[in-house]
Amino acid sequence: MTEDGVAYDALIQFLYQAPVGLLRLEMDGEIILINPMAAALLMPLAPAGALVNLFDVLAPLAPDLRERAMAHAEVGSAVGGGTVRIPVANASAVPDAGESRARPSVLGLRLVRFDAGTWMATLSDITQSVRDEQRALTDRLRAASRLDGLTELPSREVIVEHIERAHAAAPGSDGAQFGILFIDIDRFQRVNATRGLAAGDLLLQSVADRLRRLVEPEGALERLGLRGPVAGRLGADEFVIVAPEVHDAQTLAEAARQLVGALSEPYVIHRRAEHASASVGVLLVRPDPTTVDPESLLQDASIAMSDAKAAGGARYSLFEPGMKARMARRAAIESDLRGALMRAELSVAYQPIVALPGRRCVGMEALVRWQHPTLGAVPPQEFVAIAEEVGLIQALGRFVLFEACGAFAAWRHRFGDAAPASMSVNVSRAQLADRQFAGHVQEALRSTGMQASELQLEVTESMAAQDGVVQQALQTLRRMGLSIALDDFGTGYSSLATLHLLPIDVLKIDRSFVMQVETSLHHRVLIEAVILVARSLGMRTVAEGIETEGQAAAVAALNCDKGQGYLYSRPMPQDAATAWLEAHRAVDAV
């Protein structure tokens with residue numbers, strides 16, 4: 001045999017024994033040459049076993065293959081730039097040399113333009129490599145899911161695992177316990193609303209950086225005695241720290257105190273300072289050796305956090321079982337409050353404001369009340385705070401405003417000049433931040449015929465002193481002719497030295513000062529100073545919480561303009577207030 005013959009035989013033997021399918025095709029896909037491996041891979045796909053044209057055989061699985069090949073003109077390059085994946089449906093076992101093997105579920109076809117008239121193709125079973133890729137991708141995705149994408153802190157899944165490990169390890173020693181610190185950023189939505197979502201994300205990343213420093217080896221929390229603490233993000237603005245080993249509740253409480261302090265330091269967002277704070281729920285866990293429910297533990301810690309937030313935020317609260325009952329009550333109030341207006345469960349009570357000295361009524365303050373069908377009378381400080389948190393305060397405030405203006409108009413119609421001269425209505429920050437609020441006020445005045453000068457809006461001292469948005473809104477309302485009262489003065493953040501900076505017409509001196517005016521020289525001097533400064537700024541003054549004739553005489557002697565309190569009347573429904581005004585009009589006339 002010649003050398004050419006030997007080479008040819010070797011080539012044929014290679015083609016037949018090659019572990020990959022080999023084909024040569026005409027331009028239209030007709031098969032010129034095919035080796036046994038290619039035939040074995042294609043035969044189960046060929047109608048009636050006819051391996052005539054590769055494009056026809058693969059058409060049900062790769063309908064665009066012929067079109068893609070015909071558009072490919074460059075000799076020496078592969079169609080699609082590499083291997084074309086062809087999924088094969090209904091994989092099953094097919095015989096192969098007396099054995100059974102799984103039919104491929106994915107074929108890999110590499111189709112190369114050999115010359116102007118032919119194709120060369122390789123065909124292989126790439127099922128396992130595709131599965132390996134999918135498994136690797138799944139592993140990468142799972143690894144990525146264990147880190148929060150924004151902060152790169154451990155995710156909720158990882159935190160749950162740490163809780164389970166801490167629980168499993170703790171029963172091994174007497175009295176062993178671990179701790180959970182549940183963290184929520186106070187008023188985080190305000191940052192998103194005023195600075196934008198990007199600024200909110202940067203704030204969350206800054207919070208995460210501070211948490212990382214707190215829990216790092218030899219960090220502040222380990223120095224307190226918390227061994228191996230781990231910080232993670234649960235979602236939104238909620239974070240958590242798991243301390244696998246805690247000596248006692250005092251140590252965990254001190255850790256929470258330091259945490260609140262560290263997260264309350266100013267942040268720099270887009271080169272501007274941003275002030276934020278955090279509420280922290282503290283849970284000390286003494287494990288039950290038989291059961292563990294990480295989600296229940298996180299819920300308990302969250303309840304403690306909500307308790308801290310309800311107390312004003314920027315503080316921590318230790319979980320106690322009674323919190324669950326309070327949280328259940330809060331949930332019921334939140335749910336029922338949404339329908340309370342429609343069910344006419346809410347009402348407005350009115351408390352007189354009198355001129356000092358004497359008892360001549362010069363104004364009324366409107367106070368919202370809720371008589372719940374099963375809970376009874378719900379304190380305003382309880383449901384108003386919930387209304388602010390869940391976005392119901394605008395509807396609630398609008399109800400009170402229109403009711404109060406309507407009552408004032410009714411009294412003006414009935415009593416004429418003997419009617420109260422003004423109506424006071426409390427407003428929240430959320431109402432003042434609402435661009436439609438001024439329009440609601442104008443609508444209430446127009447619909448009832450009230451003059452703007454007859455309506456007084458009351459804001460808390462802390463709100464007016466610290467919030468630029470509120471101050472701007474108050475300036476707008478003053479320009480409309482309304483008067484603004486600063487409620488509970490003496491309990492907030494402003495001082496006598498800064499009163500001139502606030503858009504205020506009336507100072508209401510807090511009842512905690514008035515209650516001690518007869519017995520404490522210190523409080524009497526403070527009230528006198530407030531009245532003198534207010535008068536120098538052209539402001540009027542009201543003493544709140546007057547309960548005795550002695551208190552009334554004392555604040556009148558200090559030149560306080562008006563008084564309000566149980567000495568004159570408790571808050572009354574409108575019909576009772578009407579009767580009260582009728583009775584006092586008769587007394588004043590004598």
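Throughout, residue positions are numbered sequentially from 1 according to the sequence presented.
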Mind running side-chain contact (heavy atoms from CB on, under 4.5 Å) on Ile393 and Val384 for me, showing each step along the way?
CA-CA 7 Å; Ile393 193 64; Val384 170; 4.1 Å; yes
Side-chain heavy atoms of Asp336 within contact of Trp370, under 4.5 Å:
yes
Answer yes or no: is there a donor N or O on one side and an acceptor on the other, between the side chain of Arg210 and the main chain of Ala262, under 3.5 Å?
yes
Whether the side chain of Asp561 engages the backbone of Thr541 through a donor-acceptor N/O pair (distance < 3.5 Å, no angle test) should be reported.
yes
Identify the heavy atoms of His440 and Leu401 that sit nearest to each other, and give their distance.
O-CD2, 4.0 Å
Check the pair Val207 / Phe239 against side-chain contact (heavy atoms from CB on, under 4.5 Å), numbers first and verdict last.
CA-CA 9 Å; Val207 169; Phe239 299 83; 3.8 Å; yes
Contacts table for residues 303-313: side-chain donor-acceptor under 3.5 angstrom, sequence neighbours left out:
| residue | atom | partner | partner atom | Å |
| --- | --- | --- | --- | --- |
| Ser306 | OG | Ser302 | O | 3.2 |
| Asp307 | OD2 | Ser317 | OG | 2.8 |
| Lys309 | NZ | Asp184 | OD2 | 2.8 |
| Lys309 | NZ | Asp186 | OD1 | 2.8 |

Should the heavy atoms of other residues, nucleotides or ligands under 6.0 Å from CE of Met572 be counted, would the total exceed 12?
yes
Side-chain (His270) to main-chain (Arg272) donor-acceptor, under 3.5 angstrom:
no
Salt bridge or not between Arg326 and Glu320? Use side-chain N to carboxylate O under 4.0 Å.
yes
NE2 of His247 to CG of Leu284: how many Å apart, nearest 0.5 Å?
12.0 Å
Within 6.0 Å of CD in Gln381, more than 12 heavy atoms from elsewhere
yes
Apply salt bridge (charged side-chain N to carboxylate O under 4.0 Å, His left out) to the pair Arg146 and Glu161, showing each step before the final yes or no.
CA-CA 11 Å; Arg146 294 174 64 80; Glu161 291 173 3; 2.8 Å; yes
4.5 Å side-chain heavy-atom contact, Leu474 and Leu502:
no
Note: Arg511-Glu547 ion pair, threshold 4.0 Å (strictly below)
yes
So, does Gln431 use its side chain to make a donor-acceptor pair with the main chain of Ser428 at under 3.5 Å?
yes
With a 4.5 Å limit on heavy-atom distance, are the side chains of Val230 and Val215 in contact?
no
Just by distance, do the side chain of Glu152 and the backbone of Leu147 share a donor-acceptor pair under 3.5 Å?
no
Is a donor on one side and an acceptor on the other found under 3.5 Å between the side chain of Arg233 and the backbone of Ala236?
yes
With Val240, the side-chain contact (heavy atoms from CB on, under 4.5 Å) member among Leu181, Ile183, Leu298
Leu298
Under 3.5 Å, is there a donor on one side chain and an acceptor on the other for Glu365 and Asn426?
yes
If you count heavy atoms of other groups shown closer than 6.0 angstrom to CD of Gln436, is the number above 12?
no
Exam field: side chain Arg330 to backbone Ile386, donor-acceptor pair closer than 3.5 Å
no
Any donor and acceptor pair, going by atom type alone, linking the side chain of Gln574 with main-chain N or O of Val348 inside 3.5 Å?
no
With side-chain contact (heavy atoms from CB on, under 4.5 Å) as the criterion, how do Val400 and Val425 come out once you've worked through the C-alpha distance, each side chain's angles and the decisive distance to 0.1 Å?
CA-CA 8 Å; Val400 174; Val425 177; 4.1 Å; yes
Could you tell me the separation between the CG atom of Asp505 and the CG atom of Leu537, rounded to the nearest 0.5 Å?
11.5 Å
Any side-chain heavy atom of Gln371 sitting closer than 4.5 Å to one from Glu345?
no
Indicate the atoms forming the closest heavy-atom contact of Tyr350 with Ala404, along with that distance.
OH-CA, 3.6 Å
Assess, by modelled atom type and distance only, whether the side chains of Thr251 and Asp248 contain a donor and an acceptor separated by less than 3.5 Å.
yes
Answer yes or no: is there a donor N or O on one side and an acceptor on the other, between the side chain of Gln351 and the main chain of Ser569, under 3.5 Å?
yes
Identify the heavy atoms of Leu224 and Ala255 that sit nearest to each other, and give their distance.
CD1-CA, 3.5 Å
Using a strict 4.0 Å threshold on nitrogen-to-oxygen distance, state whether Glu382 and Arg329 make a salt bridge.
yes
Going by the rule ring-ring contact (aromatic ring centres under 6.0 Å, His included), which residues pair with His162 if we only count those two or more places apart in sequence or in a different chain?
none
Working to the nearest 0.5 angstrom, can you tell me the gap between Asp510 CG and Met515 CE?
10.0 Å
Do His372 and Ile333 come within less than 4.5 Å of each other through their side chains, counting heavy atoms only?
no
So, taking the atom named OG1 in Thr476 and the one named CZ in Arg435, what distance separates them when rounded to the nearest 0.5 Å?
11.5 Å
Looking at Val517, is its backbone amide N or carbonyl O close enough to the side chain of Arg524 to form a donor-acceptor pair, meaning the two atoms are under 3.5 Å apart?
yes
Leu204 to Thr151 - nearest heavy-atom pair and separation:
O-CG2, 3.9 Å
Specify the closest pair of heavy atoms between Ser206 and Tyr267, including all atoms of both residues, with the distance to one decimal.
CB-CD2, 3.5 Å
Starting from the C-alpha separation in whole Å, work towards a yes-or-no answer on side-chain contact (heavy atoms from CB on, under 4.5 Å) for Arg156 and Glu295.
CA-CA 10 Å; Arg156 187 186 195 96; Glu295 292 298 338; 2.9 Å; yes
Measure the shortest side-chain to side-chain distance between Leu567 and Thr548 over non-hydrogen atoms and say whether it is less than 4.5 angstrom.
no
Could you tell me whether Arg212 and Glu216 make a salt bridge, using a distance below 4.0 angstrom between a side-chain N and a carboxylate O?
no
Return the CG to CG distance between Leu197 and Asn192, rounded to the nearest 0.5 Å.
5.0 Å
Phe489 and its side-chain contact (heavy atoms from CB on, under 4.5 Å) partner, picked from Val530, Val506, Ile504:
Val530
Which atom of Pro503 lies closest to which atom of Ile484, heavy atoms considered:
O-CB, 3.6 Å
Would you say the side chain of Ile546 lies within less than 4.5 Å of the side chain of Tyr568, judging by non-hydrogen atoms?
yes
Would you say the side chain of Arg190 lies within less than 4.5 Å of the side chain of Arg429, judging by non-hydrogen atoms?
yes
How far does OH of Tyr316 sit from CD of Glu254, to the nearest 0.5 angstrom?
7.5 Å
